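Below, each value reflects all heavy atoms present in this structure, side chains not excepted, and no hydrogens, waters or symmetry copies. Quick caveat: nothing in here was measured; it's all calculated off a predicted structure.
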Amino acid sequence: MMKWELLITNKRFGQECRHAERHDDRSEFRRDYDRLIFSAPFRRMQNKTQVFPLPGSVFVHNRLTHSLEVASVGMSLGCDVAHEIIKRRPELANTHFTEIGTIVSTACLAHDMGNPPFGHSGEKAIQTYFTEGDGAFLKGMVSKSLWNDISHFEGNANAFRLLTHKFNGRREGGFVMTYSTLASIVKYPYEAANAGEHGKFGFFNTEKESFLRIADELGLKKLSAEGDPLRFARHPLVYLVEAADDICYEIMDIEDSHKLKILSYEETERLLLNFFDDETKRLIHKRIEDEGVLDNNEKVVYMRARVIGKLEAECVKTFVDNEEDILNGTFKGSLTSHMSDLPRMAYEECVKTSYKKIYCSKPVLDVELSGYTIMVTLLDNMIKAVTNPERFYSRQLMSRVSSQYDIHSSDLETRVMAVLDYISGMTDVYALDVYQKSRGISLPLV
C-alpha cells in the first residue's frame, strides 16, 4: 500500500542538492501554484481553444478560464478530502497532508499546459500526421520508443515534459516543482508502449528517468512486471485532479452550449436539474423565483453552481470511502463513475448529450477542421526541415524557432522533439499566423 507520509513531500525536482533562499512564509506547494500562474505557458492558454471557437460576441471558455475553474474545484476537493481523512487519521494533522488542496489546485492549473492549439483536433493532427500522413517516412529514421511517443502524442505527457524537461537556456530541469505536484498531473502513469487502444500515456521516453525518480521518491506502486513497458498506479491525488476536470469540462460545456444556443433553455434546465431529487428541484425553482431572476442565462448559472457543489461532495465521499483501494492501486475508473445513482446517471446523460449535440456541432467541427489543416501543414514544414537541415528553406524555417528549443541539435530525435515542443506551445492565433506566412497567404506589416 502507498503511504501518505511518502506521497506528500515538499522536496523539489531538480533542486535536490540545494535549498533556495526564502523571503516569505509561503509553503513550497504555494510556490508551485504561484510559479505556474506567472509562467508564459500558462498565460498562453488564454489563446488556446477549449471546445468552442475563441470568443466573438459571446464569451465561452478557453484553456485558461477552464484551468482556473478546474483549479478552484480542485482546491475544494483537496481541502474537503483532507478534512475527512484527518478525522479518521489524526496523525496526518501536523504533516504536509493538510496542504493537498493546494497541491491538487496547482496540478489542475497545469493539467492542460501541454495541449497543442485547436483543442483535441490539434492533438489528433500530431498523431495522425505520423500514422496516416506524410510524417510516416520518419518511422524508419528514429528509435521505436520515439516513434511510439510521437505517433501517440499526448497532451498529458507533454505537460509533464514541459514541467520537468531542461530546455535550452534553463539552468535546471523544467519548473523545479515539488515531487508531489508533478506526480499529481500524471493521469496515465505509464509509457507509450503501454498506451493501448486509446493512445493514452503519461510521459515521453525523454522523461522516463524523471518519472522513475519521482515514482521512487514517493513510493508509487509499480504494476508492470520486470522487462515489460513501465506502468504504475496513479498518485492518489490524480483522482481529485481528474474529478475537478471532469466536473468543469462537462458542466461548463453545457452552460456554454446554452449561451451559444446549441442547447435550448428547456433542455439545459432538464440536464442540470436531473442531478437532484424532486424536493431539491422545488427548492431550486423557489430560490430562483424568490430572487426575482428572469434572465435564463442567470438561471443556468445558479443551477450550474448547484450541480458543481453536488458533484464535488459526491466525489469527496467516493474518494474517502475508497481510500484503501486508491492507496493499494486497485481502484478502477474515475471518481465520477462511482458516484451514487442519481448524480451518476445525470452526469452520464450530460456526457451523451455533449457527444451528440455539442462536440459534433458546426462551430466545433469548423474549428477542428481548420485547426487540423493548420497543424498538419506546420508539422510537415518543420519535420521536413529538421530532417533536411542543410536545405535553404529548412534553414529559414528553423531560424524562426526560439532559442529555448534545441532545434539545431546534431541529434535528429532531439530536433524532432524540439519541433513538437515548438508547435504544441503555440497559441491558436500564433499557429494561424505562422501558417499564413509559411504559405504566402499574408505578409508581415512594416
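When ring centroids are compared, His165 and Phe160 stay outside the 6.0 Å threshold. Between Phe13 and Phe175, the ring center distance fails the sub-6.0 Å criterion. Taking the six-membered ring for Trp, Phe331 and Tyr239 have ring centres closer than 6.0 Å.
With Phe203 as the aromatic partner, Arg161 does not meet the cation-pi criteria of under 6.0 angstrom to the ring centre and within 45 degrees of the ring axis. Judged by a 6.0 Å distance limit and a 45° cone about the ring axis, Lys11 is positioned over the six-membered ring of Tyr179.
Under a 3.5 Å cut-off, the side chain of Arg415 and the backbone N or O of Val386 do form a donor-acceptor pair. Formation of a donor-acceptor pair under 3.5 Å by the Asn194 side chain with backbone atoms of Pro229 is found in this model. For the pair His111 (side chain) and Cys108 (backbone), a donor-acceptor distance under 3.5 Å is present. Arg43 places a side-chain N or O within 3.5 Å of a backbone atom of Phe38 that can act as its donor or acceptor partner. Of the possible polar contacts, none joining the Arg231 side chain to the Glu191 backbone as a donor-acceptor pair under 3.5 Å is found.
Ring geometry, Trp4 versus Phe319: the interplanar angle falls from 30° to 60°, so the pair is classed tilted.
Using a 4.0 Å cut-off between charged side-chain N and carboxylate O, Lys437 and Asp433 make a salt bridge. Salt-bridge annotation for Arg30 and Asp34: present, with a side-chain N of the basic residue lying under 4.0 Å from a carboxylate O of the acidic one. Taking 4.0 Å as the cut-off between side-chain N and carboxylate O, Lys48 and Asp112 do not count as a salt-bridged pair.
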For this session: Go through the steps for Arg213 and Glu209 under the test salt bridge (Lys or Arg N to Asp or Glu O under 4.0 Å), then give the verdict.
Result: CA-CA 6 Å; Arg213 280 169 55 192; Glu209 290 303 316; over 6 Å; no

For this session: Please report the C-alpha distance between Glu28 and Arg31 in whole Å, then the side-chain angles of each, then the deciding distance to 0.1 Å, and finally whether the salt bridge (Lys or Arg N to Asp or Glu O under 4.0 Å) criterion is met.
Result: CA-CA 5 Å; Glu28 296 302 323; Arg31 290 175 192 277; 3.8 Å; yes

For this session: Would you check, one step at a time, whether the test salt bridge (Lys or Arg N to Asp or Glu O under 4.0 Å) holds for Glu269 with Lys299?
Result: CA-CA 9 Å; Glu269 180 187 47; Lys299 293 177 184 178; over 6 Å; no

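Judged as a side-chain contact (heavy atoms from CB on, under 4.5 Å), and not counting sequence neighbours, the contacts of Glu267 are Leu263, Ser264, Arg270, Leu271, Thr353, Lys357. In this structure, Asp149 has no salt bridge (Lys or Arg N to Asp or Glu O under 4.0 Å) partners at least two apart in sequence or on a different chain.
Thr387 approaches Phe137 most closely through the heavy-atom pair OG1-CZ, 3.8 Å.
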